[in-house]
Participant: 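For reference, the structure I am asking about is given below.
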Amino acid sequence: MDEILEIKRERIENDFKMLETFTDPEAPWTRRAFSSQNKEARKWLADQFRAAGLDVYNDAASNLIGRRGGEGDQVFMMGSHSDTVIEGGRFDGIVGVLGALEIARCLQDSDIELSLPLEIVDFTCEEPTVPISPVGSRIIAGDITQKDLEGVITPFGDTIHKAIDDLGGDSSDISKAKRALGQIVGYLELHIEQGAVLEKEELAAGIVTAIAGPCRGTVQFIGQPEHAGGTPMPDRKDALVAAAELVIAIEKIVTTTGMSEENVGTVGWMNVSPNMINVIPGQVDMSVEVRSTDLESLVLVRKSLEEEVEKISEKRKIESKLTWDHLEDPVPLPLFMQDVVKSAFTDLSIPIKYLPSRASHDAARIAPITPAGMVFIRCLEGKSHCPEEWASMDDIVLGIRLLGQSLLRLNENFLKNKKG
Ligand code: HGY
Ligand code: MN
Ligand code: MN
C-alpha cells in the first residue's frame with residue numbers, strides 16, 4: 001500500500017517544543033498526572049486537537065479525546081499518555097499522543113475518511129502517580145470501578161474524584177467512560193522502546209509482540225525504635241536491616257527464578273521512621289515492583305517474594321505486611337495486529353524487528369476490550385524515566401509514518417473483513 005499521508009516534520013518539532021514547556025521548572029521534564037502542568041498541557045493539547053479538525057471531549061475518566069469521522073459506536077483508536085514520572089518523559093507517552101495528533105492532521109490535510117470514526121486519546125494518569133494507575137485506560141476497559149476510587153488521594157492532596165473532575169471528567173459515574181468489547185475495532189500506540197534492543201541492533205523501529213506486566217505493592221516492616229547507643233546488636237529489632245535484606249533478596253529472586261532474563265524487580269522508594277541518626281529504625285515502608293514478559297516466571301517471582309518477607313520477619317522477630325496494589329499479567333499483542341504493523345513496515349521498506357515491551361503501556365490496559373498493536377522507536381541508550389530520555393526527530397518522524405501507515409492498513413483489514 002502506498003504511503004499517502006504527508007507527515008510534516010516541523011509541525012511535530014513545534015509540538016514537542018511546546019509540550020515540554022509544561023513542566024515543573026525545578027525538575028524538568030516533570031508533568032505528573034493531575035498537576036497544574038498536566039492541566040495546562042491538556043488545554044494546549046485540546047486546542048491542537050481542535051485545530052486538527054477534531055471534535056474534542058473528555059470522557060468521564062477525563063481522558064482527552066479528539067474524534068473525526070462522524071457518529072457511531074465503533075471507532076479506530078490511537079493514543080498514549082502525556083503525563084510523566086518525576087524528571088522523566090520528554091518522549092515517554094508524548095511520542096504516541098503527538099504522533100496520533102499528526103496523523104489526524106494529515107487525514108484532515110488530504111481529506112481522507114476512514115471506514116470508521118477515528119479517536120485519538122491522551123489517556124489520564126498512565127504513570128503510577130496514584131496506586132490505581134493507569135487510570136484512564138483502565139476505566140475505559142472497565143478495570144477500575146467507582147468503588148476503586150474510594151480513598152485515593154493524589155500527591156497534590158486532592159481526592160481522585162476532584163482530580164478527575166478538574167481534568168474534565170465526571171467522577172460521579174466513571175462507568176460512562178467504559179467501552180464494550182468490539183467498540184474499539186483496533187488500537188494503535190507509538191512509544192519509545194524504553195530499552196536498548198533497537199539501538200544495539202542499529203534499528204530505528206520495531207513491532208511489539210507482548211507487554212510485560214508490572215506487579216506493584218508495598219511492604220511494611222515494624223520493628224522497635226530504640227537508642228542507637230544503648231541497645232546491643234543482638235537485642236535490636238531494626239526494621240531497616242530487614243528492609244535491606246529484602247532489597248537484596250528481590251534482586252536474587254528475579255535473577256534466578258523461571259525465565260530469569262525476562263524478569264525485573266525494583267524497590268523504587270523507601271520511608272524510614274523515625275529517620276534519625278541515633279535511633280534504630282522502628283518502621284520501614286517500601287515499594288516493591290516485579291515484572292516479567294513470561295507469566296509463569298512472574299507468578300513464581302511473586303510467590304518467592306511473599307515467602308521471603310515471611311522468612312525475614314520470622315528470623316528478625318519483626319512484624320511485616322506485604323500488600324499488592326496492582327497485579328498485571330504480561331499481555332501478548334494479537335498476531336493480526338502485529339501483521340497490520342508489519343505490513344506498514346513493509347510498505348515503508350523498514351527492516352522487520354519483533355520485540356517485547358518490558359515497560360507497560362495503555363495498550364496493555366485496553367487490550368482486554370480491543371485488539372492492540374504497538375510501534376516502537378529506539379531511544380538513546382535505552383534510557384527512560386530520567387532527564388536523559390531522548391529520541392531523535394528522524395526516528396520520531398519515522399515512527400509517526402509507521403503509525404499512520406498501520407492505521408491505513410488497519411482500515412483496509414477492517415474493510416476486507418466487512419466484505420467477508
Ligand atoms: O512503568 C511503566 O512501565 C510505564 O512507564 N508506566
Ligand atoms: Mn513511563
Ligand atoms: Mn509510557
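One-based numbering, in listed order, for ligands and for the atoms of each. When a residue number appears, it is its place in the shown sequence, counting from 1. As a basis for the values below, the full set of heavy atoms in this structure was taken, side chains included, without hydrogen atoms, waters or symmetry mates.
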Participant: Any idea which protein heavy atom is nearest atom 6 (N) of ligand 1, and the distance to it?
Facilitator: E127 OE1, 2.8 Å

Participant: On a heavy-atom basis, which atom in R409 and which in A344 lie closest, and how many Å separate them?
Facilitator: CG-N, 4.4 Å

Participant: With rounding to 10 degrees, what does the angle D92:OD2 / the Mn ion (ligand 2) / E127:OE2 come to?
Facilitator: 90°

Participant: Only one of D394, I400, I396, L402 forms a side chain to side chain contact (heavy atoms under 4.5 Å, CB included) with L398, so which one is it?
Facilitator: L402

Participant: Is T30 reaching over with its side chain to a backbone N or O of E87, donor-acceptor style, under 3.5 angstrom?
Facilitator: yes

Participant: If you count the atoms of ligand 1 from 1 in the order shown, which ones are under 4.0 Å from a heavy atom of A359?
Facilitator: 3 (O)

Participant: Which of parallel (below 30°), tilted (30 to 60°) and perpendicular (above 60°) describes H191 and H81?
Facilitator: tilted

Participant: Once the angle between the rings of H361 and F376 is folded into 0 to 90°, is it parallel (under 30°), tilted (30 to 60°) or perpendicular (over 60°)?
Facilitator: perpendicular

Participant: When L403 is tested against each of L188, V341, I7, I377 for side chain to side chain contact (heavy atoms under 4.5 Å, CB included), which residue passes?
Facilitator: L188

Participant: Which atoms from ligand 1 have a heavy atom of S360 less than 4.0 Å away?
Facilitator: 2 (C), 3 (O), 4 (C)

Participant: Which part of R358 is near ligand 1, with near meaning a heavy atom under 4.0 Å away: side chain, backbone, both or neither?
Facilitator: neither

Participant: Identify the protein heavy atom lying closest to atom 2 (C) of ligand 1, giving its residue, its atom name and the separation to 0.1 Å.
Facilitator: R291 NH2, 3.4 Å

Participant: Determine whether any heavy atom of R216 lies closer than 4.0 Å to an atom of ligand 1.
Facilitator: yes

Participant: Looking at E126, which atoms of ligand 1 are within less than 4.0 Å of one of its heavy atoms?
Facilitator: 4 (C), 6 (N)

Participant: Give a yes-or-no answer on whether the side chains of Q283 and D285 include a donor-acceptor pair shorter than 3.5 Å.
Facilitator: yes

Participant: Look at the N, O or S atoms of H81, main chain and side chain alike, and state whether any lies under 2.8 Å from the Mn ion (ligand 3).
Facilitator: yes

Participant: Tell me which protein heavy atom sits closest to atom 5 (O) of ligand 1, plus the residue, atom name and distance to 0.1 Å.
Facilitator: H385 NE2, 3.0 Å

